[in-house]
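See structure below.
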Number of protein chains: 2
Amino acid sequence: MSQPASQPAFVLIRPQMGENIGGAARAMWNFGLDRMRIVAPRDGWPNPKAVAMASGAGRLLDEAGLYEDTRAALGDCTYVFATTARSRGLTKPVVTPERAMEIAREKIAAGEKVAVLFGPERAGLENDDIARANAIINVPVNPEFASLNLAQCVLLTAYEWRRQTVDVAPERVELAGSDWASQIEIEKLADHYEERLDTAGFFFPEIKAPGMKLNLRNLWSRMPLTRSDVQMLHGVLRQMVRWKERGD
Amino acid sequence: MSQPASQPAFVLIRPQMGENIGGAARAMWNFGLDRMRIVAPRDGWPNPKAVAMASGAGRLLDEAGLYEDTRAALGDCTYVFATTARSRGLTKPVVTPERAMEIAREKIAAGEKVAVLFGPERAGLENDDIARANAIINVPVNPEFASLNLAQCVLLTAYEWRRQTVDVAPERVELAGSDWASQIEIEKLADHYEERLDTAGFFFPEIKAPGMKLNLRNLWSRMPLTRSDVQMLHGVLRQMVRWKERGD
């Protein structure tokens, strides 16, 4: 069950209450998931309240990866889902938990590394985090009353994972022919473009710069890019710089 | 949403902690269910702790039916599910939450009254209660760790109800005010890049140029680009050219 990439990693972004981290661990393990990553927990780490709450699923906390920021937590991932209650005006596929875990199963079977992001209790994920995701998971809650807490959101997603993997469904294995770029490779591509375009004066006027940067970053993460796509896109930019420097 | 028999009643049998009753109410209302029945709550009724926990879903508690025993609570029901973690050696159909809510939808559409029983926190339903049910709902938990609490069990069942009844678009992409670029727009983008990169000396050596052009063109056409993405990508290139021409 804990073989390297046989399941998605669940990544808690800046979780606040230790109890909720413990509750998320229990929710995961209820459905056989045990790969947790934690980004910048508010109250430090390890957290005794998390351990107390996790009883029976404490191993997940012991083995959880701890990261300073979202970027670091996703370094090795090739496909990332963000869970969010609200639409954020970012152009991304929005899928149900069921469809998301179906996609996750297919991608993992094809050798990809999949992660699911869960935001902090009060505010949810920030746009910066969501911009790193390939798709958004939207739980079909009652629009009059959407009050899922962190552990409940984890529970429903983990449940859908188990529904995909236990039971029936003959394994559909995608052709692993494509060598998808990892999250860190996409990040570096985004960084490269942002840096060069900054120098070139693209992000203008200044007041619009953060929004433009977010949109551009979102564009890269939303694209199904292979490693060679990424290399080509780096090459495009490098060549434009060379051309400028040649000054002919 | 609260029409008489448009949804199943969720029946809490001898619930113990008020907090769990409130949590169950929230879980139900998250997925649009509001018909709760309560049988012999340990700490009496009404329960202030239930009310405090239910915040936002308090109406369900106000309107909940209170019953002395399971028999009385099910008097008007024509089809009853019992949720249980363990098999009890009773000969009954055992179904997943998904299948159960599918059956519930069909029966309710045919005018039946459906109920789902949830047992007390520690012990779960007694055999006497289960014997009253037509079928058993079994949540496919990890056999090594089955620790769903009452509100979580309610949550998963309510979620499956909503999945059965709400039109959940399988996959949609938010359009953030723009829509997908047309084929001709993608072509023009590809032309723009090809032309500028040609000038910049990107397609080198010459023998590789046709293959490189094809790959780049293929990249653009393979991407799910919106009109504003296309404009941004044109802008990126134009800015690089301006930067070069400024020669600073």
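In what follows, chains carry the letters A, B, and so on, assigned in the order in which the sequence lines appear, proteins first and then strands, with residues in each chain numbered from 1.
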For B/A104, side-chain contact (heavy atoms from CB on, under 4.5 Å) partners two or more places apart: B/F81, B/M101, B/V114, B/W161
In terms of heavy-atom pairs under 4.5 Å with chain B, which of A/L237, A/D229, A/L225 leads?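 Greatest number of close heavy-atom pairs with chain B: A/D229.
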Once side chain to side chain donor-acceptor pair (under 3.5 Å) is applied, do any residues pair with B/Q164, and if so which ones, sequence neighbours excluded? B/R105
If I measure from the heavy atoms of chain A, does [X] come under 4.5 Å with its side chain, its backbone, both, or neither?
X      : answer
B/F204 : neither
B/V241 : both
B/F202 : both

Out of B/P143, B/A146, B/G56, return the one with the most heavy atom pairs under 4.5 angstrom to chain A. B/G56
Under 4.5 Å heavy-atom distance to chain B, tell me which part of [X] shows up: side chain, backbone, both or neither.
X      : result
A/S55  : backbone
A/A57  : both
A/L233 : side chain

Residues B/D198, B/K213: salt bridge by 4.0 Å N-O rule: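 Answer for the salt bridge query: yes.
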Salt-bridge criterion met for B/K188 and B/E185 (N-O under 4.0 Å): no
Looking only at side-chain N and O atoms, does A/S6 offer a donor or acceptor that is under 3.5 Å from a partner on A/R35? no
Are the side chains of B/T83 and B/F10 in touch, meaning some heavy atoms are under 4.5 Å apart? no
